[in-house]
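See structure below.
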Protein chains: 2
Amino acid sequence: MNKTETLEPLLTALCGAPPPSQLAGHLAALAQEVRVSRGGSAPLDHRRDLFVYIAQGSTKLVASASAGREQIVAFHFAGDIVSVPAHSLHSYSLNALEPTHLLIFPASEMHAAIAGNPAVLTGLLQRVLTALHRCRDKAVGLGRKNAGERVASFLVGMAERIGHAEGGEITLDLPMSRRDIADSLGLTIETVSRQFSEMRSAGWLRTQGRAHVRLLQPATLAAHAGHVELRSP
Amino acid sequence: MNKTETLEPLLTALCGAPPPSQLAGHLAALAQEVRVSRGGSAPLDHRRDLFVYIAQGSTKLVASASAGREQIVAFHFAGDIVSVPAHSLHSYSLNALEPTHLLIFPASEMHAAIAGNPAVLTGLLQRVLTALHRCRDKAVGLGRKNAGERVASFLVGMAERIGHAEGGEITLDLPMSRRDIADSLGLTIETVSRQFSEMRSAGWLRTQGRAHVRLLQPATLAAHAGHVELRSP
DNA sequence: CGTGCCGTTGAAGGTTCTCAACCGTGGTGG
DNA sequence: CCACCACGGTTGAGAACCTTCAACGGCACG
C-alpha cells in the first residue's frame with residue numbers, strides 16, 4: 001500500500017467525501033511514513049509543529065514533567081489525528097501501544113496544502129476541536145475526581161471508542177498497560193489495580209488476562225464516573 | 001461601537017491582515033453581542049457548538065462534575081477565542097471575571113461564513129491548537145504536580161499573559177479570586193493560600209490587597225514550576 | 001525451566017482536604 | 001461618622017485519600 005492509498009481514509013473522513021486525487025498526491029508528498037513497533041516512539045522533529053495521522057494501530061501522547069514524572073495526555077486509535085507542538089513547557093513524545101503505522105506532516109506545509117479545500121480544512125478543525133474537548137474532560141477528571149471516578153470514566157470512555165456492545169454488556173481489549181492507565185489518570189499503578197479489584201468484586205466488570213475487560217454493568221459504571229447527572233427533577 | 005468594528009481586531013489577528021469588509025459584515029450578522037457584568041455568566045445556547053470572542057474583559061470556562069465540584073478549564077483575556085461544545089460529559093459555563101464584552105457565534109454558521117477565506121480559517125485553527133496545547137499543559141499539572149508546583153506554574157503562566165515586566169520583576173493584577181485559582185489548579189482555597197504564604201516568606205513574591213502580585217524572583221518561580229528542565233549536560 | 005515484567009495485595013507514611021476559627025476589607029445603614 | 005455585617009483570605013488541627021515501600025503471583029519469553 002502506498003502513501004496516497006493510506007491517506008484516502010483520512011481525507012474521506014475529513015471532508016466526508018471522496019477526496020480530489022490531486023490533493024491526496026500533494027499531501028502524500030509531504031508525509032513521512034513511519035512504522036513503529038510496540039513500545040517504540042515516533043521519530044518526531046520537535047523543531048516544528050506537526051500533525052500525525054494514525055493509519056493503523058494505537059498510540060499514547062506522553063508529556064514529561066521534571067523528575068521523570070510522566071503524564072499521558074491522550075490515547076489515539078486508527079483514524080485519529082494528533083497535533084504535536086514544536087516545543088512546550090513539557091516535552092512530548094508519541095509512543096506506539098502496538099505495531100503502528102503513522103503519517104507525519106509538518107503543520108505549516110499541511111496548512112498550505114489544504115488551504116484551497118475548505119471542506120478538508122474545516123474537517124481538520126473539527127478533529128482538533130474534538131481533541132480539545134476530550135482534553136478538557138480529562139482535566140476535569142484530573143482536577144476534581146477521585147480514583148474510583150477516574151477509572152470509571154476511563155473505562156466508559158474507552159468503551160465508547162473501542163468497545164463492542166453485546167446485549168447490555170461491553171467488551172474491551174485494552175492495548176495499554178496498567179502503567180499507561182495510571183499515567184493517563186494521574187494515579188499510581190497500585191491505585192488503578194485496587195480500583196479494578198473493587199469493581200470486580202462489586203460485579204461491575206470481569207477481566208481476562210491483562211487486556212480483556214468485560215463491562216457487566218456499563219450504566220452503573222457511567223453513573224459512578226462523576227459526570228454531570230442528566231437529572232429528571 | 002458597532003459589531004463590525006468590534007470584530008475587526010478579531011479578524012486582523014486571525015489572518016494577520018486587514019479583513020475584507022464583506023466578511024466582517026457577514027460575521028457581524030451571525031454574532032450575538034453580549035455584555036456580562038462581573039461574576040455573571042454568558043447566555044450560551046447549549047444546543048449547538050459555539051465560538052465566543054472575548055472583545056473586552058476576561059472570563060473563566062467552568063466545568064461542573066457531579067456533586068457541585070467545579071473545575072476551571074481555562075481563563076481567557078481580551079482577544080481570545082473560546083470554543084464551547086454543545087453538550088459534553090460535564091456541563092460548561094463561561095463566566096466573566098470583570099465587566100466583559102463578548103461576541104457569540106454558532107460554530108457551524110461561522111464555519112460556513114469563513115470557508116471562503118483560508119487565511120481566517122487557518123488562523124482559527126491556530127487559535128484552537130493553542131487552546132489544546134494549553135489544556136494539555138494544564139492536564140500535566142493536574143495529574144503530576146504537587147500544590148507548590150501548580151501555583152508556581154499558574155503564576156508563571158499568568159505573568160506571560162497579563163504580566164508587566166519591571167527590571168527583573170513582574171507585576172500582575174489577577175482578575176480572579178483565590179477560589180478561581182483553586183478551581184483552576186484542582187486544589188482548595190486553603191491550599192492555594194498556604195502556598196502563597198510560603199512563597200511570600202521565601203521572598204519569591206509580594207502581594208498587595210487581593211489582586212496585586214509582584215513576582216520578585218520569576219526565574220526561581222519558573223524553576224519550581226515542575227516544567228521540563230532545559231538542561232546543559 | 002528459569003527469568004523478567006506486569007499485575008495484585010498489604011501496611012505505613014505523606015500530602016492535601018475538611019472543618020473551624022480568625023482577620024482584614026469594603027460596603028451599608030443607622 | 002462609626003458600627004455592623006458580609007465576604008474573601010489566612011492560619012491551625014485532625015482526618016481522608018492516595019502514594020510509597022514491600023512482597024508475592026502469574027503469564028510470556030528466551
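Chain letters run A, B, ... following the sequence lines, proteins first and then strands; every chain starts at 1.
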Calculate the interatomic distance between [X] atom [atom1] and [N] atom [atom2]; express it in whole Å.
| X | N | atom1 | atom2 | result |
| --- | --- | --- | --- | --- |
| B:Met199 | D:dT10 | CE | C1' | 16 Å |
| A:Gln208 | C:dG7 | CD | P | 16 Å |
| B:Ile189 | D:dT11 | CD1 | P | 13 Å |
| A:Phe196 | C:dT8 | CZ | P | 8 Å |
| A:Glu70 | D:dT19 | CD | C1' | 18 Å |

Review item, nucleotides 12-14 of chain D N/O atoms under 3.5 Å of protein N/O:
unit_1: D:dG12; atom_1: N7; unit_2: B:Arg194; atom_2: NH1; d: 2.9

Check: [Y] main-chain N/O paired with [X] side-chain donor or acceptor under 3.5 Å:
| X | Y | answer |
| --- | --- | --- |
| A:Thr12 | A:Glu8 | yes |
| A:Lys138 | A:Ser184 | yes |
| A:Arg206 | A:Arg214 | no |
| A:Thr100 | A:Ser58 | yes |
| A:Arg136 | B:Val73 | no |
| B:Ser153 | B:Ala225 | yes |

> For DNA chain D, which residues in residues 179-188 of chain A have a heavy atom at a distance below 4.0 Å?
Replying inline: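 Correct list: A:Gly186, A:Leu187, A:Thr188.
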
> Where along residues 138-147 of chain A does a heavy atom fall under 4.0 Å from DNA chain D?
Replying inline: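 Residues of residues 138-147 of chain A that come under 4.0 Å of DNA chain D are, in numerical order, A:Asn146, A:Ala147.
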
> When you check the gap from the basic side-chain N to the acidic O, do B:Arg144 and B:Glu149 get nearer than 4.0 Å?
Replying inline: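 Salt bridge between B:Arg144 and B:Glu149, a charged N being under 4.0 Å from a carboxylate O: no.
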
>> I'd like to know if B:Arg161 pairs up with B:Asp80 as an ion pair, taking the criterion as any Lys NZ or Arg NE/NH1/NH2 lying under 4.0 Å from an Asp or Glu carboxylate oxygen.
In response: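 Salt bridge between B:Arg161 and B:Asp80, a charged N being under 4.0 Å from a carboxylate O: yes.
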
> Looking only at side-chain N and O atoms, does B:Thr191 come under 4.0 Å of OP1 or OP2 in C:dC17?
Replying inline: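 Checking B:Thr191 against C:dC17: at least one side-chain N or O falls below 4.0 Å of OP1 or OP2.
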
> Are OP1 or OP2 of C:dT8 and a side-chain N or O of A:Arg200 less than 4.0 angstrom apart?
Replying inline: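 Yes.
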
> Which angle, rounded to 10°, do you find between the first-five-pair axis and the last-five-pair axis of the helix from C:dC1-D:dG30 to C:dG30-D:dC1?
Replying inline: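 Result, rounded to 10 degrees: 30°.
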
> If you count the non-hydrogen atoms of other residues, nucleotides and ligands that lie under 6.0 Å from CZ in B:Arg69, is the total more than 12?
Replying inline: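 Correct, the count exceeds 12.
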
>> Tell me whether the count of non-hydrogen atoms from other residues, nucleotides or ligands lying under 6.0 Å of CZ in A:Arg200 goes above 12.
In response: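 Count over threshold, so yes.
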
What protein N or O atoms touch nucleotides 26-30 of chain D N or O atoms at under 3.5 angstrom, if any, and at what distances?
none

>> Could you tell me if the side chain of A:Leu174 sits less than 4.5 Å from the side chain of A:Phe75, heavy atoms only?
In response: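 A:Phe75 vs A:Leu174: side chains apart.
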
>> Within the structure provided, determine whether A:Ser83 and B:His133 are in side-chain contact (heavy-atom separation under 4.5 Å).
In response: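 They are in contact (side-chain heavy atoms under 4.5 Å apart), so the answer is yes.
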
>> According to side chain to side chain contact (heavy atoms under 4.5 Å, CB included), who are the partners of B:Val62, at least two apart in sequence or on a separate chain?
In response: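 B:Lys60, B:Glu70, B:Ile72, B:Ser93, B:Asn95.
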
> Base, sugar-phosphate alone, or nothing: which one does A:Ser177 contact when heavy atoms must sit under 4.0 Å apart?
Replying inline: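 Sugar-phosphate, no base atom in range.
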
>> Classify B:Arg150 by what it touches in the nucleic acid, base, sugar-phosphate, or nothing, heavy-atom distance under 4.0 Å.
In response: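 No contact at all - B:Arg150 keeps every heavy atom at 4.0 Å or more from the nucleic acid.
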
>> Please verify the inter-ring angle class for A:His224 with A:Trp204; under 30° counts as parallel, over 60° as perpendicular, anything in between as tilted.
In response: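 Taking A:Trp204 first and then A:His224, their aromatic rings sit tilted (interplane angle of 30° to 60°).
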
> Knowing that exactly one of B:His164, B:Arg210, B:Gln208, B:His212 qualifies, which makes a side-chain hydrogen bond (donor to acceptor under 3.5 Å, both in side chains) with B:Asp173?
Replying inline: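 Among B:His164, B:Arg210, B:Gln208, B:His212, the one meeting side-chain hydrogen bond (donor to acceptor under 3.5 Å, both in side chains) with B:Asp173 is B:His212.
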
>> Both A:Gln195 and B:Ser197 contact DNA chain D. Which one's nearest nucleotide lies toward the 5' end?
In response: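 The answer here is B:Ser197.
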
> With a 3.5 Å cut-off and no angle check, do the side chains of B:Ser91 and B:His46 form a donor-acceptor pair?
Replying inline: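 Absent: no donor and acceptor within the cut-off.
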
